[in-house]
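What follows is a single structure, written as C-alpha coordinates, with notes after it.
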Amino acid sequence: MQWKLFGKIGKTIGSNHKQHTLKAMAFSKEENKQYSRHLILDEIGAIGQEKLKASKVLVIGAGGLGCPVLQYLTAAGVGTIGIIDNDTVDQSNLQRQILYTHKDIGKFKAEVAASRLAALNPFINFNVYVEKLTNQNALNLFSCYDIIVDGSDNFPTRYLANDAAILTNKPLVFGSIFKFEGQVTVFNYHNGPTYRCLYPNPPQANAVPNCSEIGVLGVLPGIIGTIQANEVLKIICELGTVLSGKLLTLNALTMVQYKLNFKKNNAIKITSLKNDYHFSCGVSKKHQQEITYNELQNSPENYTLLDVRNNLEREHYNIGGLHIPLHELENRYVEIPTDKSIVVYCKAGVRSKMAIEILEGKNLKTTFINLKNGINSI
Ligand SMILES: Nc1ncnc2c1ncn2[C@@H]1O[C@H](COP(=O)(O)OP(=O)(O)OP(=O)(O)O)[C@@H](O)[C@H]1O
(Lines give C-alpha, C1' and ligand atoms only; values in the text may rest on other atoms or scores of the structure.)
Protein backbone atom coordinates (compact mmCIF):
# COMPACT_ATOMS: atom_id res chain seq x y z
CA MET A 1 0.00 0.00 0.00
CA GLN A 2 1.39 3.36 -1.02
CA TRP A 3 1.22 5.99 1.70
CA LYS A 4 2.97 9.11 2.80
CA LEU A 5 3.26 10.95 6.08
CA PHE A 6 2.76 14.68 6.34
CA GLY A 7 3.21 16.80 9.42
CA LYS A 8 4.64 15.46 12.63
CA ILE A 9 5.19 11.72 12.89
CA GLY A 10 3.38 10.52 15.97
CA LYS A 11 3.55 7.54 18.25
CA THR A 12 1.43 4.51 17.40
CA ILE A 13 -0.90 3.91 20.30
CA GLY A 14 -3.08 0.81 19.98
CA SER A 15 -6.13 0.50 17.83
CA ASN A 16 -8.90 1.36 20.27
CA HIS A 17 -8.97 4.92 21.53
CA LYS A 18 -10.46 3.84 24.83
CA GLN A 19 -7.36 1.77 25.60
CA HIS A 20 -4.90 4.61 25.12
CA THR A 21 -2.61 5.43 27.99
CA LEU A 22 -3.64 9.03 28.30
CA LYS A 23 -1.11 10.05 30.89
CA ALA A 24 1.66 9.44 28.31
CA MET A 25 0.37 12.32 26.20
CA ALA A 26 1.68 15.77 26.99
CA PHE A 27 0.90 18.98 25.16
CA SER A 28 3.48 21.52 24.15
CA LYS A 29 2.98 25.19 24.97
CA GLU A 30 1.97 25.71 21.34
CA GLU A 31 -0.62 22.92 21.43
CA ASN A 32 -2.06 24.31 24.66
CA LYS A 33 -2.51 27.62 22.89
CA GLN A 34 -4.01 26.04 19.78
CA TYR A 35 -6.56 24.01 21.74
CA SER A 36 -7.23 26.57 24.49
CA ARG A 37 -10.95 26.90 23.67
CA HIS A 38 -11.39 23.15 24.02
CA LEU A 39 -9.27 23.02 27.15
CA ILE A 40 -11.50 25.49 28.97
CA LEU A 41 -14.64 23.49 28.17
CA ASP A 42 -15.46 21.32 31.18
CA GLU A 43 -16.83 18.63 28.87
CA ILE A 44 -13.56 18.34 26.94
CA GLY A 45 -10.70 19.80 28.96
CA ALA A 46 -7.23 18.23 29.05
CA ILE A 47 -8.59 14.66 29.23
CA GLY A 48 -10.81 15.11 26.16
CA GLN A 49 -8.04 16.83 24.24
CA GLU A 50 -5.68 13.97 25.08
CA LYS A 51 -8.25 11.51 23.80
CA LEU A 52 -8.45 13.50 20.58
CA LYS A 53 -4.67 13.50 20.22
CA ALA A 54 -4.51 9.75 20.82
CA SER A 55 -7.21 8.98 18.26
CA LYS A 56 -6.79 7.78 14.71
CA VAL A 57 -9.50 8.50 12.18
CA LEU A 58 -9.62 7.35 8.55
CA VAL A 59 -11.59 9.53 6.11
CA ILE A 60 -12.71 7.84 2.89
CA GLY A 61 -12.90 10.44 0.13
CA ALA A 62 -11.47 13.97 0.23
CA GLY A 63 -14.36 15.42 -1.77
CA GLY A 64 -17.45 17.42 -0.81
CA LEU A 65 -17.99 15.68 2.55
CA GLY A 66 -14.36 14.76 3.17
CA CYS A 67 -13.11 18.37 3.01
CA PRO A 68 -15.12 19.75 5.95
CA VAL A 69 -14.71 16.51 7.93
CA LEU A 70 -10.94 16.73 7.49
CA GLN A 71 -10.77 20.42 8.31
CA TYR A 72 -12.69 20.12 11.56
CA LEU A 73 -10.94 16.94 12.71
CA THR A 74 -7.60 18.56 12.02
CA ALA A 75 -8.56 21.79 13.74
CA ALA A 76 -9.92 19.87 16.73
CA GLY A 77 -6.62 18.03 17.19
CA VAL A 78 -7.40 14.41 16.20
CA GLY A 79 -3.84 13.08 16.42
CA THR A 80 -3.68 10.80 13.39
CA ILE A 81 -5.79 11.29 10.28
CA GLY A 82 -5.77 8.95 7.29
CA ILE A 83 -6.99 10.29 3.94
CA ILE A 84 -7.80 7.83 1.16
CA ASP A 85 -8.78 9.15 -2.28
CA ASN A 86 -7.43 8.27 -5.71
CA ASP A 87 -9.03 11.23 -7.50
CA THR A 88 -7.51 14.49 -8.73
CA VAL A 89 -8.95 17.97 -8.30
CA ASP A 90 -11.30 19.04 -11.09
CA GLN A 91 -12.46 22.61 -11.60
CA SER A 92 -16.06 21.52 -10.98
CA ASN A 93 -15.01 20.36 -7.48
CA LEU A 94 -14.14 23.91 -6.36
CA GLN A 95 -17.83 24.80 -5.93
CA ARG A 96 -17.86 22.72 -2.71
CA GLN A 97 -14.49 21.05 -2.04
CA ILE A 98 -13.11 23.91 -0.01
CA LEU A 99 -9.62 22.60 0.65
CA TYR A 100 -8.66 23.17 -3.00
CA THR A 101 -7.91 26.16 -5.22
CA HIS A 102 -7.41 26.73 -8.95
CA LYS A 103 -3.72 25.97 -8.53
CA ASP A 104 -4.59 22.44 -7.38
CA ILE A 105 -6.51 21.38 -10.48
CA GLY A 106 -5.09 18.08 -11.71
CA LYS A 107 -3.29 17.30 -8.44
CA PHE A 108 -4.19 14.37 -6.17
CA LYS A 109 -6.83 15.46 -3.67
CA ALA A 110 -5.42 13.40 -0.80
CA GLU A 111 -1.98 14.99 -1.18
CA VAL A 112 -3.23 18.55 -1.55
CA ALA A 113 -5.62 18.09 1.37
CA ALA A 114 -2.87 16.79 3.66
CA SER A 115 -0.47 19.61 2.89
CA ARG A 116 -3.19 22.24 3.41
CA LEU A 117 -4.33 20.59 6.65
CA ALA A 118 -0.74 20.35 7.92
CA ALA A 119 -0.58 24.13 7.62
CA LEU A 120 -3.77 24.40 9.68
CA ASN A 121 -2.46 22.14 12.42
CA PRO A 122 1.19 21.04 12.38
CA PHE A 123 0.65 18.79 15.42
CA ILE A 124 -1.26 16.16 13.47
CA ASN A 125 0.06 13.07 11.65
CA PHE A 126 -1.46 12.62 8.21
CA ASN A 127 -1.35 9.29 6.40
CA VAL A 128 -2.08 9.81 2.72
CA TYR A 129 -3.30 6.96 0.53
CA VAL A 130 -3.56 7.92 -3.12
CA GLU A 131 -5.63 4.90 -4.00
CA LYS A 132 -9.16 3.62 -4.04
CA LEU A 133 -10.64 1.80 -1.07
CA THR A 134 -11.16 -1.75 -2.33
CA ASN A 135 -11.92 -5.17 -0.90
CA GLN A 136 -8.16 -5.81 -1.15
CA ASN A 137 -7.00 -2.98 1.14
CA ALA A 138 -10.03 -2.17 3.33
CA LEU A 139 -9.47 -4.58 6.21
CA ASN A 140 -5.76 -3.78 6.66
CA LEU A 141 -6.41 -0.09 6.44
CA PHE A 142 -9.40 -0.02 8.79
CA SER A 143 -7.52 -2.03 11.40
CA CYS A 144 -5.00 0.86 11.71
CA TYR A 145 -7.69 3.33 12.80
CA ASP A 146 -10.21 3.80 15.65
CA ILE A 147 -13.02 5.42 13.67
CA ILE A 148 -13.88 5.41 9.95
CA VAL A 149 -15.66 8.29 8.22
CA ASP A 150 -17.38 7.65 4.89
CA GLY A 151 -17.19 10.71 2.64
CA SER A 152 -17.53 8.71 -0.56
CA ASP A 153 -20.20 9.19 -3.20
CA ASN A 154 -21.07 5.71 -4.39
CA PHE A 155 -22.91 2.60 -3.22
CA PRO A 156 -20.14 0.02 -3.76
CA THR A 157 -17.83 2.00 -1.44
CA ARG A 158 -20.59 2.44 1.14
CA TYR A 159 -21.37 -1.30 1.30
CA LEU A 160 -17.65 -2.14 1.31
CA ALA A 161 -16.92 0.37 4.10
CA ASN A 162 -19.86 -0.99 6.09
CA ASP A 163 -18.76 -4.60 5.81
CA ALA A 164 -15.11 -3.79 6.55
CA ALA A 165 -16.15 -1.71 9.58
CA ILE A 166 -18.15 -4.66 10.93
CA LEU A 167 -15.30 -7.11 10.35
CA THR A 168 -12.74 -4.83 12.04
CA ASN A 169 -15.18 -3.69 14.73
CA LYS A 170 -14.94 0.05 14.02
CA PRO A 171 -17.64 2.71 14.20
CA LEU A 172 -18.44 4.13 10.76
CA VAL A 173 -19.62 7.73 10.56
CA PHE A 174 -21.78 7.90 7.45
CA GLY A 175 -22.84 10.94 5.44
CA SER A 176 -24.52 11.32 2.07
CA ILE A 177 -25.90 14.18 0.01
CA PHE A 178 -28.37 14.44 -2.84
CA LYS A 179 -29.26 17.77 -4.44
CA PHE A 180 -30.54 19.74 -1.40
CA GLU A 181 -30.80 16.91 1.13
CA GLY A 182 -28.32 15.18 3.33
CA GLN A 183 -28.18 12.26 5.76
CA VAL A 184 -25.89 11.44 8.68
CA THR A 185 -25.73 8.44 11.00
CA VAL A 186 -23.18 6.29 12.82
CA PHE A 187 -23.07 2.61 11.96
CA ASN A 188 -21.67 -0.24 14.01
CA TYR A 189 -21.25 1.90 17.11
CA HIS A 190 -20.78 -0.53 19.99
CA ASN A 191 -22.06 -3.26 17.69
CA GLY A 192 -25.13 -1.17 16.84
CA PRO A 193 -27.17 -1.09 13.60
CA THR A 194 -25.28 -0.97 10.31
CA TYR A 195 -25.79 0.26 6.77
CA ARG A 196 -27.27 -3.09 5.76
CA CYS A 197 -29.83 -2.83 8.63
CA LEU A 198 -30.94 0.51 7.15
CA TYR A 199 -30.60 -0.35 3.46
CA PRO A 200 -30.50 -4.16 3.11
CA ASN A 201 -30.64 -4.09 -0.68
CA PRO A 202 -28.35 -2.07 -2.94
CA PRO A 203 -30.23 0.10 -5.44
CA GLN A 204 -30.93 -1.13 -8.95
CA ALA A 205 -28.29 -0.63 -11.63
CA ASN A 206 -27.68 3.10 -12.13
CA ALA A 207 -30.93 3.93 -10.34
CA VAL A 208 -29.36 6.71 -8.28
CA PRO A 209 -27.24 9.25 -10.16
CA ASN A 210 -24.30 10.93 -8.41
CA CYS A 211 -23.53 14.66 -7.95
CA SER A 212 -21.85 14.94 -11.34
CA GLU A 213 -25.05 13.69 -12.95
CA ILE A 214 -27.70 15.49 -10.93
CA GLY A 215 -25.94 18.43 -9.20
CA VAL A 216 -25.66 19.39 -5.54
CA LEU A 217 -25.97 22.63 -3.57
CA GLY A 218 -22.38 23.63 -2.83
CA VAL A 219 -22.87 24.40 0.85
CA LEU A 220 -24.74 21.14 1.63
CA PRO A 221 -21.67 18.87 1.97
CA GLY A 222 -20.25 21.57 4.26
CA ILE A 223 -23.24 21.21 6.58
CA ILE A 224 -23.40 17.41 6.45
CA GLY A 225 -19.62 16.93 6.67
CA THR A 226 -19.50 19.19 9.72
CA ILE A 227 -22.18 17.08 11.41
CA GLN A 228 -20.10 13.97 10.61
CA ALA A 229 -17.05 15.61 12.22
CA ASN A 230 -19.20 16.44 15.26
CA GLU A 231 -20.16 12.76 15.62
CA VAL A 232 -16.49 11.78 15.48
CA LEU A 233 -15.61 14.23 18.24
CA LYS A 234 -18.55 13.00 20.34
CA ILE A 235 -17.41 9.39 19.97
CA ILE A 236 -13.82 10.19 20.89
CA CYS A 237 -14.64 12.47 23.83
CA GLU A 238 -17.61 10.31 24.89
CA LEU A 239 -19.93 13.30 24.77
CA GLY A 240 -23.67 13.63 24.16
CA THR A 241 -25.70 11.03 22.29
CA VAL A 242 -24.12 9.44 19.25
CA LEU A 243 -26.37 9.10 16.16
CA SER A 244 -26.42 5.30 16.43
CA GLY A 245 -29.66 3.70 15.21
CA LYS A 246 -30.82 7.18 14.20
CA LEU A 247 -30.70 8.60 10.71
CA LEU A 248 -30.56 12.39 10.72
CA THR A 249 -31.98 13.86 7.52
CA LEU A 250 -31.73 17.54 6.68
CA ASN A 251 -33.28 19.54 3.88
CA ALA A 252 -31.19 22.64 3.17
CA LEU A 253 -34.07 24.46 1.48
CA THR A 254 -36.63 24.10 4.26
CA MET A 255 -34.10 23.45 7.04
CA VAL A 256 -36.46 20.72 8.25
CA GLN A 257 -34.63 17.87 9.90
CA TYR A 258 -35.82 14.49 11.07
CA LYS A 259 -34.29 11.77 13.17
CA LEU A 260 -35.52 8.39 11.96
CA ASN A 261 -34.96 5.42 14.25
CA PHE A 262 -33.75 2.13 12.83
CA LYS A 263 -32.90 -1.13 14.55
CA LYS A 264 -30.20 -3.73 14.27
CA ASN A 265 -31.20 -6.65 12.06
CA ASN A 266 -29.55 -9.63 13.73
CA ALA A 267 -30.34 -11.83 10.73
CA ILE A 268 -27.73 -9.96 8.69
CA LYS A 269 -24.33 -11.57 9.18
CA ILE A 270 -21.12 -10.35 7.59
CA THR A 271 -18.38 -12.95 7.82
CA SER A 272 -16.05 -11.76 5.05
CA LEU A 273 -15.82 -9.10 2.37
CA LYS A 274 -17.53 -9.86 -0.92
CA ASN A 275 -15.47 -10.52 -4.03
CA ASP A 276 -17.06 -7.84 -6.13
CA TYR A 277 -18.79 -4.83 -4.59
CA HIS A 278 -19.42 -3.32 -8.02
CA PHE A 279 -21.47 -6.31 -9.01
CA SER A 280 -23.20 -6.72 -5.67
CA CYS A 281 -24.22 -3.06 -5.68
CA GLY A 282 -25.68 -3.22 -9.12
CA VAL A 283 -23.55 -0.55 -10.75
CA SER A 284 -23.45 -2.52 -13.94
CA LYS A 285 -25.38 -5.74 -13.76
CA LYS A 286 -25.96 -6.05 -17.46
CA HIS A 287 -22.99 -6.08 -19.79
CA GLN A 288 -22.98 -3.12 -22.15
CA GLN A 289 -20.58 -2.53 -25.02
CA GLU A 290 -18.26 0.39 -24.40
CA ILE A 291 -15.98 2.47 -26.57
CA THR A 292 -13.30 4.95 -25.52
CA TYR A 293 -13.11 8.40 -27.07
CA ASN A 294 -9.79 7.47 -28.74
CA GLU A 295 -11.32 4.34 -30.31
CA LEU A 296 -14.23 6.42 -31.52
CA GLN A 297 -11.82 8.85 -33.17
CA ASN A 298 -10.35 5.99 -35.27
CA SER A 299 -13.56 5.50 -37.26
CA PRO A 300 -16.18 8.16 -36.41
CA GLU A 301 -17.98 7.52 -39.72
CA ASN A 302 -19.12 4.12 -38.40
CA TYR A 303 -21.22 5.59 -35.62
CA THR A 304 -24.09 7.96 -34.90
CA LEU A 305 -23.54 9.93 -31.70
CA LEU A 306 -26.36 10.42 -29.21
CA ASP A 307 -25.99 13.01 -26.42
CA VAL A 308 -28.36 12.38 -23.47
CA ARG A 309 -27.29 15.30 -21.27
CA ASN A 310 -29.55 18.25 -20.50
CA ASN A 311 -29.91 21.37 -22.68
CA LEU A 312 -27.58 23.53 -20.62
CA GLU A 313 -24.78 20.97 -20.72
CA ARG A 314 -25.31 20.56 -24.46
CA GLU A 315 -25.06 24.29 -25.10
CA HIS A 316 -21.97 24.58 -22.95
CA TYR A 317 -19.99 21.90 -24.81
CA ASN A 318 -20.73 18.96 -27.10
CA ILE A 319 -19.03 16.57 -29.48
CA GLY A 320 -21.86 16.65 -31.98
CA GLY A 321 -24.50 14.07 -32.89
CA LEU A 322 -28.16 13.86 -32.04
CA HIS A 323 -29.33 15.40 -28.74
CA ILE A 324 -32.13 13.81 -26.73
CA PRO A 325 -31.99 14.47 -22.95
CA LEU A 326 -32.39 11.29 -20.92
CA HIS A 327 -35.77 12.27 -19.49
CA GLU A 328 -37.17 12.77 -23.03
CA LEU A 329 -35.89 9.46 -24.39
CA GLU A 330 -39.05 7.45 -23.73
CA ASN A 331 -41.04 9.83 -25.97
CA ARG A 332 -38.40 10.62 -28.58
CA TYR A 333 -36.45 7.38 -29.22
CA VAL A 334 -38.14 7.04 -32.64
CA GLU A 335 -35.96 9.97 -33.81
CA ILE A 336 -32.85 7.80 -33.55
CA PRO A 337 -31.61 6.59 -36.97
CA THR A 338 -30.79 2.88 -37.08
CA ASP A 339 -28.44 2.70 -40.09
CA LYS A 340 -25.30 2.76 -37.89
CA SER A 341 -24.35 1.73 -34.35
CA ILE A 342 -25.21 4.42 -31.82
CA VAL A 343 -22.57 5.72 -29.41
CA VAL A 344 -24.44 7.18 -26.44
CA TYR A 345 -22.68 9.82 -24.36
CA CYS A 346 -23.18 11.99 -21.29
CA LYS A 347 -20.82 13.66 -18.84
CA ALA A 348 -19.42 10.71 -16.91
CA GLY A 349 -20.89 7.62 -18.59
CA VAL A 350 -23.65 6.95 -16.05
CA ARG A 351 -26.71 8.52 -17.68
CA SER A 352 -25.63 7.06 -21.03
CA LYS A 353 -25.75 3.59 -19.44
CA MET A 354 -29.26 4.33 -18.18
CA ALA A 355 -30.19 5.52 -21.67
CA ILE A 356 -28.90 2.29 -23.22
CA GLU A 357 -30.97 0.24 -20.79
CA ILE A 358 -34.05 2.16 -21.92
CA LEU A 359 -33.16 1.92 -25.63
CA GLU A 360 -32.37 -1.79 -25.47
CA GLY A 361 -35.94 -2.36 -24.38
CA LYS A 362 -37.29 -0.73 -27.55
CA ASN A 363 -36.18 -3.44 -30.02
CA LEU A 364 -34.54 -0.97 -32.37
CA LYS A 365 -32.51 -2.61 -35.14
CA THR A 366 -29.14 -1.21 -34.14
CA THR A 367 -26.46 -1.59 -31.47
CA PHE A 368 -25.96 0.82 -28.59
CA ILE A 369 -22.48 1.48 -27.30
CA ASN A 370 -21.59 3.50 -24.22
CA LEU A 371 -18.92 6.21 -24.44
CA LYS A 372 -16.66 5.10 -21.58
CA ASN A 373 -16.49 7.72 -18.78
CA GLY A 374 -18.43 10.15 -20.99
CA ILE A 375 -17.00 13.43 -22.26
CA ASN A 376 -15.10 13.72 -18.96
CA SER A 377 -12.61 11.37 -20.65
CA ILE A 378 -11.79 13.74 -23.49
N1 LIG B 1 -13.68 3.71 -3.11
C2 LIG B 1 -13.18 4.93 -2.92
N3 LIG B 1 -11.93 5.07 -2.42
C4 LIG B 1 -11.39 6.30 -2.22
N5 LIG B 1 -12.03 7.45 -2.51
C6 LIG B 1 -13.27 7.34 -3.02
C7 LIG B 1 -13.90 6.10 -3.25
N8 LIG B 1 -15.13 6.33 -3.77
C9 LIG B 1 -15.26 7.66 -3.85
N10 LIG B 1 -14.15 8.27 -3.41
C11 LIG B 1 -13.87 9.72 -3.37
O12 LIG B 1 -14.90 10.36 -2.65
C13 LIG B 1 -14.99 11.70 -3.09
C14 LIG B 1 -16.45 12.05 -3.22
O15 LIG B 1 -16.52 13.42 -3.47
P16 LIG B 1 -17.77 14.12 -4.17
O17 LIG B 1 -19.00 13.46 -3.71
O18 LIG B 1 -17.69 15.58 -3.89
O19 LIG B 1 -17.61 13.78 -5.71
P20 LIG B 1 -16.48 14.03 -6.80
O21 LIG B 1 -16.22 12.70 -7.44
O22 LIG B 1 -15.30 14.76 -6.25
O23 LIG B 1 -17.19 15.04 -7.80
P24 LIG B 1 -18.22 14.77 -8.98
O25 LIG B 1 -19.09 13.61 -8.55
O26 LIG B 1 -18.96 16.05 -9.12
O27 LIG B 1 -17.38 14.44 -10.17
C28 LIG B 1 -14.23 11.80 -4.41
O29 LIG B 1 -13.07 12.57 -4.25
C30 LIG B 1 -13.91 10.35 -4.76
O31 LIG B 1 -12.67 10.20 -5.43
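Everything numeric here is computed off the predicted structure, so don't read it as measured data. We count ligands from 1, going down the list as the structure has it; atoms in each ligand are counted the same way. Count residues from 1 along the sequence.
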note = Short version for Thr134: what comes under 4.0 Å of ligand 1, heavy atoms counted, is neither
task = Return yes when Gly151 approaches ligand 1 closer than 4.0 angstrom through a heavy atom, no otherwise.
result = yes
ask   = Do Lys234 and Glu231 sit within salt-bridge range, that is, some charged N less than 4.0 Å from a carboxylate O?
value = yes
task = For Lys132, counting its heavy atoms only, list the atoms of ligand 1 lying under 4.0 Å from any of them.
result = 1 (N), 2 (C), 3 (N), 4 (C)
query = N/O to N/O below 3.5 Å, does that happen between Ser152 and ligand 1?
reply = no
query = Would you say Glu131 and ligand 1 have an N/O pair spaced under 3.5 Å apart?
reply = no
query = What part of Asp90 sits under 4.0 Å from ligand 1 if we count only heavy atoms: the side chain, the backbone, both or neither?
reply = neither
Test: Arg314 and Asp307 ion pair at under 4.0 Å = yes
query = Ion pair present between Glu31 and Lys53, side-chain N to carboxylate O less than 4.0 angstrom?
reply = yes
inquiry  = If the cut-off is 4.0 Å to any non-hydrogen atom of Ile84, which atoms of ligand 1 fall inside it?
reply    = 4 (C), 5 (N)
query = Should Arg196 and Asp163 count as an ion pair when the cut-off is N to O under 4.0 Å?
reply = yes
task = Taking only Lys NZ, Arg NE, NH1 and NH2, and the carboxylate oxygens of Asp or Glu, determine whether Glu238 and Lys51 approach each other closer than 4.0 Å.
result = yes
key: Test: Arg332 and Glu335 ion pair at under 4.0 Å   = yes
task = Flag yes if more than 12 heavy atoms outside Asn169 fall under 6.0 Å of its CG atom; otherwise flag no.
result = no
message = Does any N or O of ligand 1 fall below 3.5 Å from an N or O anywhere on Lys109, backbone included?
response = yes
Gly64 neighbourhood, listing ligand 1 atoms whose heavy-atom distance to it stays under 4.0 Å = 15 (O), 16 (P), 18 (O)
query = Regarding Lys362 and the six-membered ring of Tyr333, is the cationic atom NZ or CZ under 6.0 Å from the ring centre and inside 45° of its axis?
reply = yes
request  = Looking only at distances, please establish whether an N/O atom of ligand 1 is found under 3.5 Å from an N/O atom of Gln97.
outcome  = yes
ask   = Considering only heavy atoms, does Thr157 approach ligand 1 within less than 4.0 Å through its side chain, its backbone, both, or neither?
value = side chain
inquiry  = With a 4.0 Å cut-off on N to O distance, would you call Glu315 and Arg309 a salt bridge?
reply    = no
key: Option nearest atom 26 (O) of ligand 1 (shortest heavy-atom distance, choices Lys347, Gln95, Arg96)   = Arg96
task = Go through ligand 1 atom by atom and flag the ones less than 4.0 Å from a non-hydrogen atom of Leu133.
result = 1 (N), 2 (C), 3 (N), 4 (C)
note = Ranking Asp85, Asn376, Leu160, Asp153 by closest non-hydrogen atom to atom 28 (C) of ligand 1, top hit is Asp85
query = Can we say Asp85 and Lys132 salt-bridge, meaning some charged N sits less than 4.0 Å from an Asp/Glu carboxylate O?
reply = no
ask   = Which atoms of ligand 1 have any heavy atom of Asn154 under 4.0 Å away?
value = 8 (N), 9 (C)
